Each structure stands twice: as C-alpha cells, then as structure tokens.
Amino acid sequence: GESVGLHLPTLSVQEGDNSIINCAYSNSASDYFIWYKQESGKGPQFIIDIRSNMDKRQGQRVTVLLNKTVKHLSLQIAATQPGDSAVYFCAELQEGRRALTFGSGTRLQVQP
Amino acid sequence: DAGVTQSPTHLIKTRGQQVTLRCSPISGHKSVSWYQQVLGQGPQFIFQYYEKEERGRGNFPDRFSARQFPNYSSELNVNALLLGDSALYLCASRVSSGPPYEQYFGPGTRLTVT
C-alpha cells in the first residue's frame, strides 16, 4: 500500500554541523512533497516543498532533494542550531487527492 | 496576518460524550482540512472542506463529522467518544482545493478521553 516512511527515528547532531533527514516513499504517483517541522506542543510548521518535476529546491538554510528513481526525499539543514531541535515529517500528495500522507517523523536533537 | 487558530487548546471528555472542535483558517484561505495526530505518529487525514462542501474524507468512522461555514471557519464533531480518540486534532488551511498545495497548520486541540 501507499506509505511515506522515514529511515531514522532520532538524529543527534552537534550545533553548527549540517543535518540530513531522509524519507522514503512508495507511491510513484506522488507529485508533491512537503517537509514540516513540529516542536513540542505545537502544530506542524511548513518548511519547504518540492514538485516531482524538480530534483532540488533551496530555502533559507534548508535544501530538499528528490530522487524519483529510488523514491527518496531528503531534507538538509545547514549550520544546525538549537532552535532546529524538533520532529521533522515528510508528507506527500498526489495531484487531485485531497489529503497529505505523513510519515511517522524523525526527531532531530541538536547538541550544544 | 494571524495564522490558523483553533479552540479550545485542551479538552478532557469522558467515554461516550460528544465533542466539538473549532478552527479559523488564515484570512483568504477557503479550504480547511482536519487531521488526527496520535502521540508519536504523523498526522492522519480526517476531512477536507472547500467552499462549505466536503471534498475528501479519510478512513475514520461515521462518529466523525465536520462542516464549514460561510466565513470558511470549520467545526469537527466527534460523537460517542472512545479512549482511542485521545489525540491532537489539527486544522490546516490552504488557499483553495487545488494548487498551490501549501497547507498551514494550527496549534491543535489536545483531546483527552477518560
């Protein structure tokens, strides 16, 4: 069935290092992907999105890479800061569908 | 501009009771979606509404219902509450039912069923 999963449940990095959070998806019909950040007690916060006709998109300190061949998505965070500590979700959407399908999340812990 | 707002923040109910959760979308957004997030998991889609009509429904029982008002705010109702309904209920808004697809979430309502 359809699924959006994450490779690692917890990622621990040193402040100032770069972080890479990975996500695998199984539905080749997915054509839109979003990364969300969720801090404790808050709703998911939109970080960056990418359409399936792209393989890379950059934002402020974040880059999303999409590899459709292996159905893999990654979020790269440059110069990770303590404020980046949170749970990160990838989500996918098929055009015409109404719902985002979320993975279970990766917890990013930034060590000072 | 204010983001998505939800009320109440927290709620404690007893099994068998009914609950109504409320959501106000971002100004200019006409589509509202509801998601259930159980602790330790990603959000699960419940409903999407656009222009007061239901446009999508997830795999939830008929105890769950929702509606959207002319001002685009929305309510989620859950009847005959079960312990398993304890979760964070999230509302998300977007401009329309189609592209652009960015969805923005509110802070959620934490429902505890005892």
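Just so it is clear: chains get the letters A, B, ... in the order the sequence lines come, proteins before strands, and each one is counted from 1. Only a predicted model underlies this, so the values are computations on that prediction, with no experimental measurement involved.
Of all heavy-atom pairs spanning A:Arg61 and A:Ala79, the tightest one is NH1-O, 3.3 Å.
The closest side-chain heavy-atom distance from A:Gln109 to A:Thr10 is below 4.5 Å. Side-chain contact between A:Leu108 and A:Thr80 is present, with at least one heavy-atom pair separated by less than 4.5 Å. Side-chain contact between A:Asn22 and A:His72 is present, with heavy atoms from C-beta onward closer than 4.5 Å. Contact check for A:Tyr25 versus A:Thr101: no side-chain heavy atoms found under the 4.5 Å cut-off.
Remark: the backbone N or O of A:Val110 is paired with a side-chain donor or acceptor of A:Ser85 at under 3.5 angstrom.
The contact between B:Leu88 and chain A is made entirely by side chain atoms (from C-beta outward), counting heavy-atom distances below 4.5 Å. Only the backbone of B:Gln41 comes within less than 4.5 Å of a heavy atom in chain A; its side chain stays farther off. With a threshold of 4.5 angstrom between heavy atoms, B:Gln37 approaches chain A through side-chain atoms but not through N, CA, C or O. Residue contact with chain B, scored on non-hydrogen atoms closer than 4.5 Å, involves the backbone and the side chain of A:Leu100 alike. Contacts between B:Tyr35 and chain A at a heavy-atom distance below 4.5 Å involve the side chain alone, from C-beta outward.
Within residues 50-84 of chain B, the residues having any heavy atom less than 4.5 Å from a heavy atom of chain A are, in residue-number order, B:Arg55, B:Gly56. For residues 38-50 of chain A, heavy-atom neighbours of chain B at less than 4.5 Å comprise A:Gln38, A:Gly41, A:Lys42, A:Gly43, A:Pro44, A:Phe46, A:Asp49, sorted by residue number.
To the nearest 0.5 Å, the span separating OG on B:Ser93 from NZ on B:Lys30 amounts to 13.0 Å. Distance check, rounded to the nearest 0.5 Å: NZ of A:Lys68 to CG of A:Leu73 gives 10.5 Å.
The same ILVMFWY cluster, assembled from side-chain heavy atoms under 4.5 Å apart, contains both A:Leu93 and A:Phe89. No single ILVMFWY cluster, assembled from side-chain heavy atoms under 4.5 Å apart, contains both B:Tyr104 and B:Val32.
Pairs engaging residues 12-92 of chain B under the disulfide bond (SG atoms under 2.5 Å apart) rule: B:Cys23-B:Cys91 [sequence neighbours left out].
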Show which side-chain atoms of residues 105-114 of chain B pair as donor or acceptor with protein atoms under 3.5 Å away, not counting sequence neighbours.
residue  : atom : partner : partner atom : Å
B:Thr109 : OG1  : B:Pro8  : O            : 2.6
B:Thr114 : OG1  : B:Lys13 : O            : 3.4

